[in-house]
Amino acid sequence: MWLLHVLIEHASLQLDRPFSYVYEGSIKHRRGFRVLVTFNHQKLVGYVLDSEHVDQTIAQLQATTSHRLLPIDALLDEEPLLNEELLQLALELAHDNFWPRISVLQAMLPLSLKPKKTALKGPKIAYETFVRVIDECETNLTLKQIEWLRIIANEQPFNKRDCRSPSVLQQLLDKGKVDFYRREKRRLSIEESPVERAPQLTSAQQEAIAATLASNAEVYLLQGVTGSGKTEVYLALSERVISAGKTVLMIVPEIALTPMMVAYFLKRFSGKVAILHSELTPGEKYDEYRRIARGEATIVVGARSAVFAPLCNIGLIVLDEEHVETYKQDTLPFYHARDVAIRRGKTHGAKVILGSATPSLESRARALKGVYMHLRLPDRINAMALPYTHIVDMLDPRNIDRESSLFSLKLRQAMSETLTKQEQIVLLINRRGYAPTLSCRQCNHVFKCPTCAIALTYHQHDHMLKCHHCGYLEAYPAICPDCNGTYFFKQGFGTERIVEETKRLFPSARILKLDSDSSKVRQTIARTLKKFANHEADILIGTQMIAKGHDFLKVTLVGLVLADIGLTLPSYRSSERTFQLITQAVGRSGRGQTPGRAIIQTYAPNHYAVTLGATQDYEQFFKTEMYQRKLANYPPYTYLMLMTLSGKSEDLVIQVADTLAHMVIEKLDRDIELLGPSSPYISFLGGVHRRVILIKYKRFDIIEGPIREIVELLSQKTLVRLAVNLDPYDV
Ligand code: ADP
Ligand code: ZN
C-alpha cells in the first residue's frame with residue numbers, strides 16, 4: 001500500500017503542508033502527479049509531493065495516526081507533470097518568497113494540467129485521423145478506387161479530412177487496401193511565412209553580439225533607444241545558440257501587442273517555434289506546452305508565464321522590454337518573470353538578456369554596479385532622427401482650442417496637417433472607457449463599485465458602468481439612488497471619448513481604437529494593428545497598449561492627450577511609469593522615411609518625467625529619479641516587502657495586523673523601516689477586508705529568519721489570511 005503526501009489545491013499558507021492519503025493500487029512515480037481526494041467533505045485536486053510504500057494495512061496504519069486516513073478518490077496522471085528542474089524551481093520560489101507551494105505549481109502549468117479542479121474540465125489531447133496504404137495491389141479495383149489509392153500513397157501523411165470521396169475511402173478500407181491511424185493534432189495554426197535572411201547588421205549590433213558571446217557574465221542589460229534594432233540582436237544570438245544545439249526562451253510583454261516579434265522568429269526559425277500567450281485557447285496552449293515538453297520546439301516565444309516553459313538545455317533567455325510592469329504577477333504567486341528568468345539562466349548556464357529603451361531603475365542600477373553586463377545601442381537604425389517633440393501646457397489659456405476641450409490648438413493643427421499629407425497619427429490616452437466617473441448633477445453622488453468602492457467608469461458603446469478593477473457591471477442609472485435626480489455628469493475622459501471627439505473634428509478620417517476593452521475579443525488586437533500597419537486607417541487611438549514595440553512606418557505624429565495621468569497615482573513608481581510611457585510613445589513616431597513629431601499635452605509641463613521623456617533622455621532621468629528614490633528611501637536603495645492580511649471580519653483583520661506589526665518591530669526594529677498597518681488603495685474586495693504592512697529592508701539574509709517565524713505563526717490562524725509580496729509594484 002502507498003501513503004501519499006498531498007498538497008491540496010487551495011493556495012493559502014494555512015494549507016501549505018502535505019496531507020496524507022492512502023492508495024492500494026500501483027504508481028509509476030513517487031511524486032509529481034495529481035490525485036482526486038476528499039478534503040473537508042469536498043472533492044479536491046491534490047498534487048503528490050512524495051509517497052512511501054508501507055507494508056501495513058489501512059487498519060494497522062490508522063491505529064498509529066491521530067487523524068482519519070482516507071483513500072484517494074482517483075489517480076489523475078500517470079507521469080509527473082513537471083520535470084525535475086521545474087519542480088525544484090517551484091519549491092525554491094515558494095520557499096524564498098513565502099508563497100504556498102501549490103500556487104507556484106498552478107502558475108507554471110497550462111489549464112488542463114494545473115493541480116486544480118477546474119483543470120478536469122480543461123481540453124484533452126486532440127487527434128487527427130490519417131490514412132495510409134497497406135496493400136498496393138490494384139487488381140479488382142475500380143478506376144476511381146485506384147485513383148484514390150495512388151493519391152493516398154503519394155501524399156503521405158494523408159489526412160482523412162482531405163479525401164473528398166468518403167465512399168471510395170470506405171470501399172478501400174473494406175477491401176483491406178488502406179487503414180487509419182491517429183496522430184496528435186496541433187490546434188494552433190500558424191501561417192507559413194517564407195524564411196527570411198538577416199539584414200547586414202550595423203556595427204553597434206555586431207559589437208553587442210560579440211561582447212555577449214565573448215563574456216561569461218550571466219545577465220546582460222541591452223539598452224538601446226527605440227528603433228535601434230534590438231530584435232536583430234536577439235535573433236542573431238538565438239541563431240548561435242540554436243546551432244550549438246541549445247534552446248531559446250524569448251519573453252515578450254504580450255504577444256498580441258508584439259506580433260512583429262513572433263513574425264521575426266517564425267521567419268527565421270519556422271517549424272522550431274512554439275508560441276505561448278494569453279490569446280491562445282486553452283486547447284492550443286495545451287498542445288504548445290506538450291510540444292515543448294516533448295522537445296519538438298527549440299524556441300519558445302511567449303508572455304510572462306512562458307518563463308516556465310518546459311524547455312531543456314536552454315542557452316539563451318531574452319526578456320524584451322524588461323521594464324514592463326506586466327512581468328510582475330499581481331496575484332499569488334507574485335512572481336516577476338525577470339527573477340524567474342535569472343534563476344533558470346543560472347541552472348542552465350544560459351545567458352539572460354534584458355532589453356529595453358527605458359530599463360527599470362533596478363536593472364540599470366545593477367548594470368551600473370557591474371552585476372549585469374551593460375550593452376548599448378545608442379542610435380536608431382540608419383541614423384534616423386528621434387522625433388521632434390513639443391510639450392503643451394494645458395493650464396495655459398493660450399493653448400486652449402475653443403473648438404475642443406480635449407485637444408489643444410497645437411495638437412489639432414498638427415493632426416490636420418498630418419491627415420492632409422496622408423500620413424498616420426497615434427493618439428494615446430491611458431484610460432479606457434468614456435468617462436472615469438459618473439456623478440449626479442443634483443447631489444454629487446458618485447457611482448461606485450459595491451465591492452471595490454472605487455468609481456465606476458462609464459462606457460458608451462454598451463451604455464454601462466464598469467469597475468475596472470473587478471469587472472463589475474451596472475446598467476446606466478435612470479435615477480440617482482440618493483436624491484432621485486435624473487441628470488448625470490460624465491467627468492474626465494477615456495479612449496471612447498477621444499474617439500468621439502476625433503470623429504467630430506475630423507469626420508472623414510478613418511479611426512481605429514485599441515484598448516483592453518477591444519482586446520477581450522480574440523485576435524482583434526492583431527487585426528487592428530495589421531489594419532493600421534496597412535494604412536487602412538489614419539488614426540489609431542488607444543491606451544498604453546499602443547505605446548509598445550510597434551513599427552508603423554507611416555506614423556509621423558504621436559499625440560499624448562494627457563501625459564501625466566500616471567503622476568497623480570500614489571505610487572513611488574509614478575515618475576518612472578510616466579517617463580517610460582512618454583518615451584515609448586514618442587518613439588512610435590517617425591520610424592519610416594519621414595521624420596516624426598510628438599505632442600505631449602500635460603498639466604505638469606515642468607515635471608522631469610515629462611520633460612526628459614519628451615527628449616528621450618534616459619540617462620538624465622535615471623540620475624534625477626535615483627536621487628529622488630534615495631531621498632525617500634525607495635528601491636533600488638532599499639527592498640520592499642508587502643504583507644497583506646485579509647478576512648471577513650474587519651475587526652479581526654485590524655487586530656491581527658497590529659499584532660503582526662508589533663512582532664515585526666520587536667524582532668527587527670534596527671534592521672527595517674515599517675510603514676502601517678494601513679488600508680490599501682482597495683481595502684474591501686469581494687466581501688473581504690484588507691490591511692497592509694510595508695517593510696523596507698536592506699538585507700534579506702538578516703530579516704529572513706525572523707520573518708519566516710512570524711509567517712509560520714500567522715499561518716496557524718484560520719480566520720485571517722496572510723500573503724507576502726516581495727518587491728511589490730503598487731505601493
Ligand atoms: P527596437 O526594438 O530597438 O526599438 P527594432 O528591433 O524594432 O528596434 O528595429 C527597428 C527597425 O529597424 C525594424 O524595422 C528592423 O527591421 C530594422 N532593422 C534592425 N536592424 C537592422 C539592420 N541591421 N539593417 C536594416 N534594418 C534593420
Ligand atoms: Zn469592483
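Order of appearance sets the numbers: ligands from 1, and atoms from 1 within every ligand. Positions are given from 1, in the same order as the sequence printed here. All of these numbers come straight from a predicted model, not from anything done at the bench.
Near Thr202, meaning under 4.0 Å from one of its heavy atoms, ligand 1 places the atoms 23 (N). Listed by number with element, the atoms of ligand 1 under 4.0 Å from a non-hydrogen atom of Thr231 are 2 (O), 5 (P), 6 (O). Those atoms of ligand 1 that come under 4.0 Å of a heavy atom in Gln200, given as number and element, are 22 (C), 23 (N), 24 (N). Counting atoms of ligand 1 from 1 in the listed order, those under 4.0 Å from a heavy atom of Tyr264 are 13 (C), 14 (O), 15 (C), 16 (O). Set against the non-hydrogen atoms of Val225, the atoms of ligand 1 under 4.0 Å away are 3 (O).
Between Phe532 and Phe552, the distance from one ring center to the other falls under 6.0 angstrom. Aromatic rings of Phe308 and Tyr335 (six-membered ring for Trp) have centroids within the 6.0 Å cut-off, being under it.
Using modelled atom types, one finds a donor on one side chain and an acceptor on the other under 3.5 Å when comparing Asn725 with Lys328.
Residue-ligand proximity: Leu377 is placed with every non-hydrogen atom at 4.0 Å or more from ligand 1.
For Arg573, the side-chain hydrogen bond (donor to acceptor under 3.5 Å, both in side chains) criterion is met by Glu325, Glu362, not counting sequence neighbours.
Inclusion of Gly227 in the set of residues having an N or O under 3.5 Å from an N or O of ligand 1 is warranted. Close N/O approach between Lys230 and ligand 1 is found [any backbone or side-chain N/O within under 3.5 Å]. Checking only distances, Gly224 never comes within under 3.5 Å of ligand 1, N or O to N or O.
Within the 4.0 Å heavy-atom criterion, neither part of Asp320 lies near ligand 1.
The local environment of CG in Asn216 is sparse, with at most 12 non-hydrogen atoms from other residues, nucleotides or ligands closer than 6.0 Å. For Tyr729, the OH atom is densely surrounded, since the number of other residues' heavy atoms within 6.0 Å is greater than 12.
Note that Arg364 lies in the cation-pi zone of Phe622, set by a 6.0 Å cut-off to the ring centre and a 45° limit from the axis.
Applying the salt bridge (charged side-chain N to carboxylate O under 4.0 Å, His left out) test to residues at least two apart or on different chains, none of the pairs has a partner in residues 203-212.
The closest non-hydrogen atom to atom 9 (O) of ligand 1, taken over Gly587, Gly229, Ala204, Ser228, comes from Gly229.
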